[in-house]
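Have a look at the structure below before the remarks.
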Protein chains: 2
Amino acid sequence: MTSAVRPPARILLVDDHALVRRGVRLILDGEPDLEVVAEAGDGAEAVAAARSDDGLDLAVLDIAMPRMTGLQAARELARLRPGLRILMLTMYDNEEYFFEALRAGANGYVPKSVADRDLVEACRSALRDEPFIYPGAETALIRSYLDRVRSGAGLPERPVTEREEEILKLVAEGHTSKEIGDLLFISPKTVERHRANILQKLGLRDRLELTRYAIRAGLIEP
Amino acid sequence: MTSAVRPPARILLVDDHALVRRGVRLILDGEPDLEVVAEAGDGAEAVAAARSDDGLDLAVLDIAMPRMTGLQAARELARLRPGLRILMLTMYDNEEYFFEALRAGANGYVPKSVADRDLVEACRSALRDEPFIYPGAETALIRSYLDRVRSGAGLPERPVTEREEEILKLVAEGHTSKEIGDLLFISPKTVERHRANILQKLGLRDRLELTRYAIRAGLIEP
DNA sequence: CTGTCCATCCGTGCCGGCACCCATGCGCGA
DNA sequence: TCGCGCATGGGTGCCGGCACGGATGGACAG
């Protein structure tokens with residue numbers, strides 16, 4: 001009860017599944033140095049919570065959420081509270097998501113497939129601002145990341161332009177070239193040209209992969 | 001330590017995310033009458049666990065899992081251990097999967113959006129063989145279900161057959177008809193025939209909508 | 001000013017998705 | 001037994017995705 005020990009880190013927990021929130025909360029609250037002080041069920045609530053409480057140390061964010069995805073929320077939170085650490089918690093151990101998360105301002109990335117100890121350690125790492133003491137098993141991802149950092153390349157740029165992203169979304173939503181052309185008042189051929197450039201830049205094969213990319217990146221909802 | 005009290009129900013917990021398993025386990029083990037005695041990370045492991053332990057009372061199954069989905073596992077478990085109660089735990093409060101779960105032999109259906117108390121109550125209901133004391137908030141689903149039962153219509157027909165679901169997944173993953181045909185040792189024309197039937201049954205327009213449907217339904221990962 | 005990047009557009013050609021048409025064999029329930 | 005649903009296969013034809021080739025004008029930096 002004295003203040004001899006450092007007070008526990010104040011954590012905002014964001015997941016659209018109450019059950020998952022409860023479970024993660026039980027895991028985190030079991031640690032003396034961690035304390036969940038707020039919960040949110042989607043990105044908008046998370047932003048609201050961070051706006052009303054400036055004493056938060058860490059946000060644990062699920063990626064797949066309705067309305068505002070975790071990635072969108074992360075961008076917003078990073079803008080709103082630059083001091084807030086962000087840990088992405090996700091179903092996907094996918095490399096695409098990993099870099100999307102970094103670009104969105106995340107300090108850490110934890111797949112839900114990890115054990116509870118790893119989550120706790122990831123929280124502590126993020127709180128110490130250690131960028132990526134990575135909770136096991138993600139060696140391929142880590143190696144790739146570290147390679148890029150060491151080679152001085154920094155984070156890979158997202159190559160698509162604004163216009164291309166606009167077309168990307170519309171294509172991923174299932175519109176044909178003609179529909180998109182009508183919508184944007186350009187020729188369907190131009191749409192196809194953009195689409196081809198996007199596919200080439202992102203290393204994708206067709207609209208279908210593009211759709212899944214857009215969903216992963218939080219650009220559209222499934 | 002005496003046997004004056006009824007021993008706790010022996011539960012098999014199945015989810016592909018270790019973190020979710022851990023959280024749910026903490027919730028269930030906190031109840032004196034519930035005890036998680038086995039865990040599995042996919043459907044195949046779940047079946048193996050049920051095969052090697054005939055004293056299980058309840059299986060809590062996630063629907064969206066790699067390799068064998070929770071629905072397939074539920075069918076197998078219901079066949080293997082008729083006395084075993086099955087509770088489906090899922091991200092989706094989708095009507096399709098609600099009825100699909102019932103058909104697969106589930107005694108209960110709990111979205112992950114419910115609170116922990118509701119999960120506990122759903123477990124107890126399933127263990128008492130009470131078919132659907134439903135954990136709150138699913139009024140639309142419940143109402144629809146009750147309406148159908150009251151109107152004597154019974155369960156709606158399963159929209160897609162097993163074979164069709166198999167093709168559905170492969171199509172949604174981006175394989176061409178020829179690839180799928182080679183994979184399943186059937187003609188690409190048959191694949192196209194199935195695909196056409198699926199699109200018609202589900203009211204979808206093309207592969208792209210089908211992909212998003214499959215992602216929503218948890219059949220594939222983005 | 002010149003080069004580069006971006007957005008805009010065009011033609012040609014292949015291939016696959018998808019909509020129609022058709023038939024066969026099998027199992028199951030009315 | 002007869003129909004029905006399911007899985008299997010085929011044919012034809014249109015259209016759109018996508019690859020490949022080309023061009024132009026405008027913005028901005030070196």
Distance test, side-chain N/O of Arg207(A) to OP1/OP2 of dG17(C), below 4.0 Å | no
Distance, rounded to the nearest Å, where His175(B) contributes NE2 and dC15(C) contributes P | 21 Å
Taking the side chain as every heavy atom from C-beta outward, state whether Leu202(A) and Leu210(A) have any pair of such atoms under 4.5 Å apart.
-> no
Side-chain donor/acceptor contact of Arg193(A) with base of dG22(D) under 3.5 Å | yes
What integer distance in Å separates Glu165(A):CD from dA7(C):P?
-> 12 Å
For Thr190(B), answer base if it contacts any base atom (sugar-phosphate contacts may also be present), sugar-phosphate if it contacts only those atoms, and nothing otherwise; contact means non-hydrogen atoms under 4.0 Å.
-> base
Return the nearest nucleotide to the side chain of Ser187(B); candidates are dG9(D), dA19(C), dT8(C).
-> dG9(D)
Quick one: Glu179(A) CD to dG17(D) C1', roughly how many Å, whole number?
-> 14 Å
Salt bridge present between Arg212(B) and Glu209(B) (N-O < 4.0 angstrom) = no
Select one nucleotide: of dC18(C), dC9(C), dG17(C), the one nearest the side-chain heavy atoms of Asp206(B).
-> dC18(C)
Please give, in whole Å, the distance from dT8(C) P to Leu184(A) CG?
-> 8 Å
Compare the minimum distances between each of dG11(D), dC18(D), dT8(D) and the side chain of Lys189(B), then state the nucleotide with the smallest one.
-> dG11(D)
Look at the side chain of Arg195(B) and decide which nucleotide, out of dT8(D), dG17(C), dG21(D), has an atom nearest to it.
-> dG17(C)
Determine, step by step, whether Asp62(B) and Lys112(B) satisfy the salt bridge (Lys or Arg N to Asp or Glu O under 4.0 Å) criterion, reporting the C-alpha distance in whole Å, the side-chain angles of both residues, the deciding distance to 0.1 Å, and the verdict.
-> CA-CA 9 Å; Asp62(B) 188 18; Lys112(B) 286 186 180 173; 3.7 Å; yes
May I have the distance from Arg205(B) (atom CZ) to dG16(D) (atom P), rounded to whole angstrom?
-> 12 Å
Could you check which of dC18(D), dA7(C), dC18(C) has an atom nearest any side-chain atom of Glu192(A)?
-> dC18(D)
Any side-chain N or O of Thr161(B) under 4.0 Å from OP1/OP2 of dA7(D)?
-> yes
Is Thr176(A) near enough to dC15(D) that one of its side-chain N or O atoms lies under 4.0 angstrom from OP1 or OP2?
-> no
In whole angstrom, give the distance that lies between atom CD1 of Ile186(A) and atom C1' of dC9(C).
-> 10 Å
When you get a sec, tell me which of dC9(C), dT8(C), dA19(C) is the closest nucleotide to the side chain of Ala196(B)?
-> dA19(C)
Within this structure, what is the CG-to-C1' distance between Asn197(A) and dG21(D), rounded to whole angstrom?
-> 14 Å
Contact check, side chains of Val24(B) and Leu119(B), non-hydrogen atoms, under 4.5 Å = yes
Roughly, in whole Å, what's the span from NZ in Lys178(B) to P in dG10(D)?
-> 13 Å
Any donor-acceptor pair under 3.5 Å linking the side chain of Arg195(A) with the backbone of Val171(A)?
-> no
